[in-house]
Structures are given as C-alpha cells and as structure tokens.
Amino acid sequence: MTMKRPRGTADVTPGDIARWRYIEDIAREVCHLYGYGEIITPTMEDTELFRRTVGETTDIVEKEMYTFEDRSGRSLTLRPEGTAPTARMYLQENLYSVAQPVKLAYVGCPFFRYERPQAGRMREYHQFGVECFGSADAAVDAEVIALACDFLHRTGVDQLQLGVNSIGCPDCRNDYREALRDHFEPHLEQLCVDCQRRYEVNPLRLLDCKREECGDKAAGAPSMLQYLCGECAAHFAELREHLERFGLPHEVDQTLVRGLDYYTRTVFEITHHTLGAHDVVCGGGRYDGLVEVLGGDPTPAVGFGLGIERLLLILEEEEIELPSVPGLDCFIIYIGEDAKGAGLQLLQELRSEGISADTDYLERSVRAQMRFADRYPSRFAVLLGADELEAGVVTLRDMSDGSQQSVPRNELTAVLRDAVR
RNA sequence: GUGGCUGUAGCUCAGGCGGUUAGAGCGCCAGGUUGUGGCCCUGGAGGUCGGGGGUUCAAGUCCCCUCAGCCACCCCA
C-alpha cells in the first residue's frame, strides 16, 4: 500500500454508507417539516469571503484554511464553514427579493479545516446546517434550535445538553468588552500567555479558559447578560420563553462564546457527553450583521452547523440500531454453461421489473454460488440447470427456510414481485 | 502548532532479557455434497512486522527520523 488518503480525511465504504444515508434522510425529512429548502453551494469560495466574515483574528482564518491560488492567480479557499457561503448565495441569487424569511439548508456538505486530526475532528468533515434570513424574531432562533433538537432525537440520540447564551449586539458587546478588560487588567500578569493574547484580541474568550489560574480570575468577572441593552435582553428572554414553550430544556451558559466574529445576540451549542474533549455536535447562533458586511441591506439571520462525523460517533457510542442495508431480492444460480445465457436474460428481466437481482461471475460451483447468495444476503435463489431448461421452469428457493418450488420461466417475475412486496 | 500513547494477516490481537521457516481467532477461498447456503470437519491463500536509516554476527524486538491513528492542549462541527 503506497498511496494513502490524505491526513484527516476518511473513506466511506459500502458497509458504512447506510449510516450516512440514515442521517441524511432524517435531515431532509426534518427540513421539509420545518419549511427549509435544500441548497448546494460551491466547495470553494473567494478567500476574501471568509476573511471578511469569519474574522481576521480567528483561528480559522489565521491558520486553518486550505487556501490556494488557481492558475489565474485568484485566491480561493476550501470552505471552512457554511454560513458565509450561504449568505453570499442569498445576495448573489437575489433571495432577498423573494418572500421573506428565506429558510435554507445544506445536508452532508464537505468542509475543510487544517487542524490536527482526532476522533471527531477531521480536516475534511461534513455538516448538516440550516440558515434563516430575514427575520429578527426570537421565535426563529427557537425554531432553529428546535429543528436541531428534533433532528437529533429522530436519529435516536438521547441525553443531549442544550446550552444558550446571548453575546448581545455590537453596541452592548463593546460595553461589556471594556468591562471585562477593566476586570482582568489588574491580573494581566498572572494570566496564561493565551489569555494575555485573548485580552487584546477577544476578551470574551477570557471567560472559558480551562486553566485554573485564569478560571479563578474569571470567577468574579461581570456577566454579559448584565450588559445587554434593552432590546437584546428582551430578545434573549423571549427566546427562553419559546424554548420553554417547545419543551426544550436548556441551560444558560455565560461562558458560551462562539469563535466566529459574525455572531450577534443568540449563541447556542448542543453537546453530548460521549464526545470527550470536543463534545459539541451542533453549534450556531444569530448573525444579524453578516449580510450587511457582504454588501447587502441589513438582514437579520440565524442558523446552525451540525457535525455529521460527530453524530456518527454518538450513534456508535450509544449503540443505536440503524436500519440494515437492504439485501438482494433474488440471486440467480446457473448450473452448467448452457444455463448461463438463460440466467443472464432472466437477470435483466427481473431488474427491469424492479426486482433487485445478481448472479455469479466467477464460474463457481453451485455450492459456492449458494454460499455467496447466503452472504449477500439474498431473499430468494433461483436455480437454473439442464433439468429446468428442458422443462421451461426454474427452481425458486426461499433462503429463509429452504423451501423450494418449481416455477414456469415466464411466471417468475410475477411470483417474485408478489413475494418481495 | 505543542505534549503524550500506539502501529504485527482484511479485522481483533499473541509474539519472556534481540536468535532459525512470525502465530491464533474471526473473515476470505476450496474440498467434504456428479445440482443446493447457514452448523460442523479438513485444507489453502493472505504479512515490505506503517515507512526509512542506524547499532549488532543477528532487529518484529534496541536507537534516530518520518508517516498515520488516538489522547490532552489550542480551537471547533
């Protein structure tokens, strides 16, 4: 084995694919139920799109993007997240001119981040995400969260934790940022090096440092919620009422601060204990300023991203039963070269009638063909040999109990169609 | 990007202080059944011991580098 897949990427084999389809099918179903329309955006975008929206000082932009120049010298980037591209599409496809709000969803799209891989953290990973543009109503925040929870429950996942917080609008956040700086300033020397950097770049991050020395300093820090302006506070209160109404238990987590610059007001995370260090399976929030940053009219919006690989890990950990891969309806076993032609013809007849069918291509013994049919697994086996050819019949074997019957050739499709229905 | 653990057959793993042809279970293939799967029995194929270099008479085993996976940071889905 000389060629290997790139670090942090994964192959999905036929044995794995049922799990993916299971998740994607439920995602599409839930999107339909909530009125979200599926979209596909390009895997790569103009690098500037992410620099401007995600934020110059974020880890994503500073060190995690797959950025390259194409042959004409344009700088392109393999998308590291889905919200900015969706906002870009909203503007470029004039979706602001259709009936608002506009609800969009993407299912199983690939994203790329150059990071050190771990279980649940890939360089190429996949997300199910939704974005709703055009409404500032806290009920939409609640709807988006409800959709995520609903989806996760339908996949069979339990014991999820929903954390919510508000980081306010730019105005109240600026006040709060200053208050935080005032609080930490006297202890600046004692903070870890990372926090000293955070102090300058993103003071909100000072709150969720896991180091003990920093945690102590954060203990008495002012809370964001105290600094929310009237509208932001009302929005957050409303969101919580709606969540109650929807029967969605949640915790207000004041250390919850999303990493990307475009978030405003509502931020939330859904976590699951089996995931370990990166226990976030779904994260999202409101981003009322994003569309404007991209040159559109001010447009309130809210959405989330949900990691497929992480959900897969949870499903596995929780040993949630997934629908098994459908087997084959019928396996055709031919005995002797003479029967092969008739067998192949029968094979195509069955397929054209919507009956899944396969046959042996390795000229194996009857015994081996039977075993192959068994392993497939195949519901029925059709045996075709000299005896059957002469009589114009086939021997139809039910693999579940071994019972056999002789069926006229021209009646086989009808018999099987009834049997597999 | 930092620190740590691991890496033997398709899979899960054995291989005392270096010593001849590297093993097991499962899986795969074939036979036991001149035309019949699952269970059982017998046999077979399959290994650059992750890769490269070094020490040594001798390296799966010791040392260095490298790659990959995992864990903890950082950060995030």
Side-chain angles (χ1 to χ4, degrees), chain A residues 1-10 13 15 54 57-64 79-83 106 108-129 148 152 192-195 197-198 202 205 208-211 256-260 269-272 275-284 303-314 331 333-336 338-339 360 362 364-389 394-404:
Chain A
M1 172 71 78
T2 48
M3 298 294 289
K4 288 182 174 170
R5 79 177 93 88
R7 186 171 198 197
T9 63
T13 63
V54 173
T57 64
T58 58
D59 279 20
I60 292 178
V61 171
E62 273 184 353
K63 50 192 188 192
E64 295 176 359
R79 59 180 171 197
E81 59 96 44
T83 301
Y106 46 90
C109 295
F111 293 91
F112 304 84
R113 253 122 103 156
Y114 186 86
E115 291 185 278
R116 191 128 159 192
Q118 240 170 279
R121 189 169 71 180
M122 311 286 286
R123 288 185 173 178
E124 180 183 16
Y125 66 103
H126 299 77
Q127 274 187 207
F128 159 41
L152 288 167
C192 68
V193 282
D194 289 327
C195 280
R197 204 178 71 101
R198 292 187 183 111
N202 189 353
R205 282 238 158 262
D208 65 353
C209 182
K210 279 117 196 157
R211 284 171 181 269
L256 177 45
V257 181
R258 308 251 78 222
L260 296 78
E269 279 180 356
I270 301 174
T271 56
H272 192 268
L275 250 28
H278 8 264
D279 54 358
V280 179
V281 64
C282 174
F304 70 71
L306 190 151
I308 306 277
E309 284 85 353
R310 287 191 183 175
L311 176 54
L312 248 15
L313 287 177
I314 297 172
F331 191 87
I333 292 168
Y334 61 87
I335 302 152
D338 293 346
D360 171 64
L362 293 175
R364 283 186 279 209
S365 66
V366 175
R367 174 185 159 87
Q369 291 184 65
M370 277 297 262
R371 187 162 44 206
F372 192 63
D374 185 51
R375 301 287 152 87
Y376 220 109
S378 181
R379 179 90 193 282
F380 291 96
V382 158
L383 287 103
L384 191 54
D387 300 347
E388 285 86 353
L389 278 181
V394 298
T395 299
L396 180 62
R397 181 182 178 88
D398 186 331
M399 295 297 279
S400 61
D401 60 12
S403 63
Q404 297 192 166

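Not counting sequence neighbours, the partners of F128(A) by the ring-ring contact (aromatic ring centres under 6.0 Å, His included) test are F151(A), F304(A). T395(A) meets the side-chain contact (heavy atoms from CB on, under 4.5 Å) test with L383(A), E388(A), Q404(A); sequence neighbours excluded. With sequence neighbours left out, F331(A) forms a ring-ring contact (aromatic ring centres under 6.0 Å, His included) with F372(A).
Spacing between atom CG of D59(A) and atom P of rC75(B) amounts to 6 Å, rounded to whole angstrom units. Atom-to-atom, CG of L311(A) to C1' of rA77(B) comes out at 11 Å; the value is rounded to the nearest Å.
Counting only residues at least two apart or on different chains, the salt bridge (Lys or Arg N to Asp or Glu O under 4.0 Å) pairs with a member in residues 115-127 of chain A are E115(A)-R121(A).
Between D374(A) and G283(A), the residue anchored closer to the 5' end of RNA chain B is D374(A), taking for each the nucleotide with the nearest heavy atom. Both L306(A) and P117(A) lie close to RNA chain B; mapped to their nearest nucleotides by heavy-atom distance, the more 5′-ward contact belongs to P117(A).
Nucleotides rG3(B) and rG44(B) have their C1' atoms positioned 48 Å apart, rounded to a whole Å. rU66(B) and rC75(B) have their C1' atoms separated by 26 Å, with the value rounded to a whole Å. For the P atoms, the distance from rC11(B) to rG47(B) is 13 Å, rounded to whole Å. rU55(B) and rA9(B) have their C1' atoms separated by 29 Å, given to the nearest Å. Comparing rU12(B) with rG53(B), their P atoms are spaced 28 Å from each other, to the whole Å. Atom name C1', nucleotides rC57(B) and rC64(B): the rounded distance is 22 Å, in whole Å. Rounded to whole Å, the P atom of rU2(B) lies 14 Å from the corresponding atom of rC65(B).
At a threshold of 4.0 angstrom between heavy atoms, the contacts of G8(A) are confined to the sugar-phosphate backbone, with no base atom among them. At the heavy-atom level, G120(A) lies under 4.0 Å from base atoms of the strands shown. A373(A) comes within 4.0 angstrom of nothing in the nucleic acid, heavy atoms only. If you check every strand for non-hydrogen atoms under 4.0 Å, T83(A) touches nothing. At a threshold of 4.0 angstrom between heavy atoms, the contacts of E388(A) include nucleobase atoms, whether or not backbone atoms are also involved. Residue-level contact check: R121(A) touches the bases, meaning some heavy atom is under 4.0 Å from a base atom. Contacts of G402(A) with the nucleic acid, taken as non-hydrogen atoms under 4.0 Å apart, include base atoms. E81(A) comes within 4.0 angstrom of no nucleic acid atom, judged by non-hydrogen atoms across all strands. Among the protein residues, Q118(A) comes within range of the nucleic acid bases, having at least one heavy atom under 4.0 Å from a base atom. At a threshold of 4.0 angstrom between heavy atoms, the contacts of E64(A) are confined to the sugar-phosphate backbone, with no base atom among them.
Note: E81(A) CD to F111(A) CZ = 7.5 Å, rounded to the nearest 0.5 Å.
Counting atom types as modelled, R116(A) pairs no side-chain N or O with a base atom of rG69(B) as donor and acceptor under 3.5 Å. For rC76(B), the base has a donor-acceptor partner in the side chain of R310(A) [N/O atoms by modelled type, under 3.5 angstrom]. Residue side chain R113(A) does not reach the base of rC75(B) through any donor-acceptor N/O pair under 3.5 Å, judged by distance alone. Put simply, the side chain of Q404(A) and the base of rU36(B) share a donor and an acceptor less than 3.5 Å apart. Under 3.5 Å, the side chain of E269(A) and the base of rA77(B) form no donor-acceptor pair of N or O atoms.
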Apply side chain to side chain donor-acceptor pair (under 3.5 Å) to R310(A) and Y125(A), showing your working.
CA-CA 9 Å; R310(A) 287 191 183 175; Y125(A) 66 103; over 6 Å; no
Indicate for each nucleotide in nucleotides 26-31 of chain B, in 5' to 3' sequence, whether protein heavy atoms under 4.0 Å reach the base (B), only the sugar-phosphate (S), or nothing (-).
--SSSB
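Not one N or O on the side chain of S378(A) forms a donor-acceptor pair closer than 3.5 Å with the backbone of A381(A). Panel note: side chain R113(A), backbone P80(A); a donor-acceptor pair is recorded below 3.5 Å.
For RNA chain B, runs of at least 3 consecutive pairs of the Watson-Crick or G-U wobble type, with both hydrogen-bonding distances under 3.5 angstrom, map to B:1-7 with B:67-73, B:10-13 with B:23-26, B:28-32 with B:40-44, B:50-54 with B:62-66.
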